[in-house]
Amino acid sequence: MPEGHSVHRLARQFADVFGGQELAVTSPQGRFASGAARIDGARLVSSEAHGKQLFLGFGNGLVLRVHLGLYGAWDFGGDGTFRGASSIGAPRRIGEREAYDGAAPAPYGGPPAPTGQVRARLVSGHGWADLRGPTACEVLTPAEASAVRAKLGPDPLRPAGSAWEDGGPEEFVRRLRRRSVILATLLMDQSVVAGVGNIYRAEALFRQGLDPWARGRDLGPGQALDLWEDLAATMADGVRQGRIITTRAADRADSAVPLWPDNAHYVYQRQGRPCRVCATPVAVTELAARKLYWCPGCQGAGPR
DNA sequence: GCCCTATGTTAAA
DNA sequence: TTAACCTAGGGCT
């Protein structure tokens, strides 16, 4: 799945291309037909990401909540105002960059006939957006949307102008340090920190020199805050670049293969290869049905 | 074509 | 802990 940075890019994209406009909302596939009818023709008035969830607010007060899950993605098309990403969501190739596909702006003749399973289609006078394969796509009242957000922890990418108070770094430190659960599990817990996924988990723990099997309560407040700041910085980079690059420039320069994506990560999907810092072979194990990558030299020997 | 994999979450067992 | 959700690409045959 797209981690939080992708959903924040989506929120920005929706505001850029659809903000303030009336949208025709349909469900070509049919599974979202009743929800689509509730917002069809309404004006898009807000677009905000919280962790991995997207909340689109409409002029009639209703909120469209989308969670892309493991496979979901949005495809965009339209006239020249649709600069920006052509597709944002689940990566279709290793290390795929979410970016404008380079096609020259063309006269907009309306959206193409939907192909395959399009759960939701949003159409303005300038372009369209198709949603495929989401885990969640539903229309909520404001109270229902707030109830969903209340279950999420603070988001390192929370927009400065957001009206939603998520507690920020202090709340993250509290939630992390009161648990006896291991860090590897806590970072994937969206009620502890919203938006972190499997790549940022592995890379942040490496960058901070933290043992994935250390417990939340074992961290000092300074260590926990450093972890937050590191996530905030690398995830903000992800928003800017449309891809996850966590290696520091100094650790990329001497790579034998200087071309991204071969040097984008320290440990993620680098099992068996030498650690960029200490040359110990990177290790991998399975934890709660997800792969966990770490360097036994820099971060500790492993499960215990 | 077939099988595996993937930046995720939820519900049932 | 496991299955289900449900999409597309890559490697293989």
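What you see is a predicted model, and the numbers here were worked out from it, not measured in a lab. Throughout, a chain's letter reflects where its sequence line sits, starting with A, and its residues are numbered from 1.
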(request) From the options dC5(C), dT9(B), dA8(C), select the nucleotide whose nearest atom is closest to the side chain of Y71(A). (result) dC5(C)
(request) Please check the phosphate of dA8(C) (OP1 and OP2 only) for any side-chain N or O of R132(A) closer than 4.0 Å. (result) yes
(message) Rounded to whole Å, please give me the gap between OH in Y200(A) and C1' in dG8(B).
(response) 16 Å
(request) Please report, rounded to the nearest Å, how far the P atom of dT9(B) is from the NE2 atom of H50(A). (result) 12 Å
(request) Write down the distance between CD (E3(A)) and P (dT9(B)), rounded to a whole number of angstrom. (result) 9 Å
(message) Distance check, P atoms only: dT10(B) and dA8(C), in whole angstrom units.
(response) 23 Å
(request) In plain terms, say whether R174(A) and E170(A) are close enough for a salt bridge, that is, a side-chain N and a carboxylate O under 4.0 Å apart. (result) no
(request) Could you check how far NE2 of H265(A) sits from C1' of dT7(B), rounded to whole Å? (result) 9 Å
(message) From NZ of K291(A) over to P of dG8(B), roughly how many Å is that when rounded to an integer?
(response) 13 Å
(message) On the nucleotide dT7(B), are OP1 or OP2 found under 4.0 Å from the side-chain N or O atoms that R290(A) carries?
(response) yes
(message) Can you measure Y268(A) atom OH to dA6(B) atom C1' for me and round it to whole angstrom units?
(response) 6 Å
(message) Work out how far the P atom of dT5(B) is from that of dT13(C), and round it to whole angstrom.
(response) 15 Å
(request) Can you sort out the partners of E48(A) under salt bridge (charged side-chain N to carboxylate O under 4.0 Å, His left out), two or more places apart, ordered by chain and number? (result) R149(A)
(request) Choose from dA6(B), dT9(B), dT7(C) the nucleotide whose nearest atom is closest to any side-chain atom of K52(A). (result) dT9(B)
(request) Would you kindly compare R65(A) and S6(A) by the position of their nearest DNA chain B nucleotide and give the one closer to the 5′ end? (result) S6(A)
(message) Looking at D237(A) and R240(A), is any side-chain nitrogen of the basic one under 4.0 Å from a carboxylate oxygen of the acidic one?
(response) yes
(request) State, with a plain yes or no, whether a side-chain heavy atom of Q190(A) is found less than 4.5 Å away from one of K52(A). (result) yes
(message) Rounding to an integer number of angstrom, what distance separates dT1(C) and dT7(B) when you compare their C1' atoms?
(response) 23 Å
(message) What is the separation between atom NE2 on H67(A) and atom P on dC5(C), rounded to the nearest whole Å?
(response) 18 Å
(message) Which residues pass the salt bridge (charged side-chain N to carboxylate O under 4.0 Å, His left out) test with R158(A), not counting sequence neighbours?
(response) E165(A)
(request) Can you tell me the distance, in whole Å, between the CG atom of L68(A) and the P atom of dT7(C)? (result) 13 Å
(request) For dG9(C) versus dT9(B), give the span between their C1' atoms, rounded off to a whole number of Å. (result) 22 Å
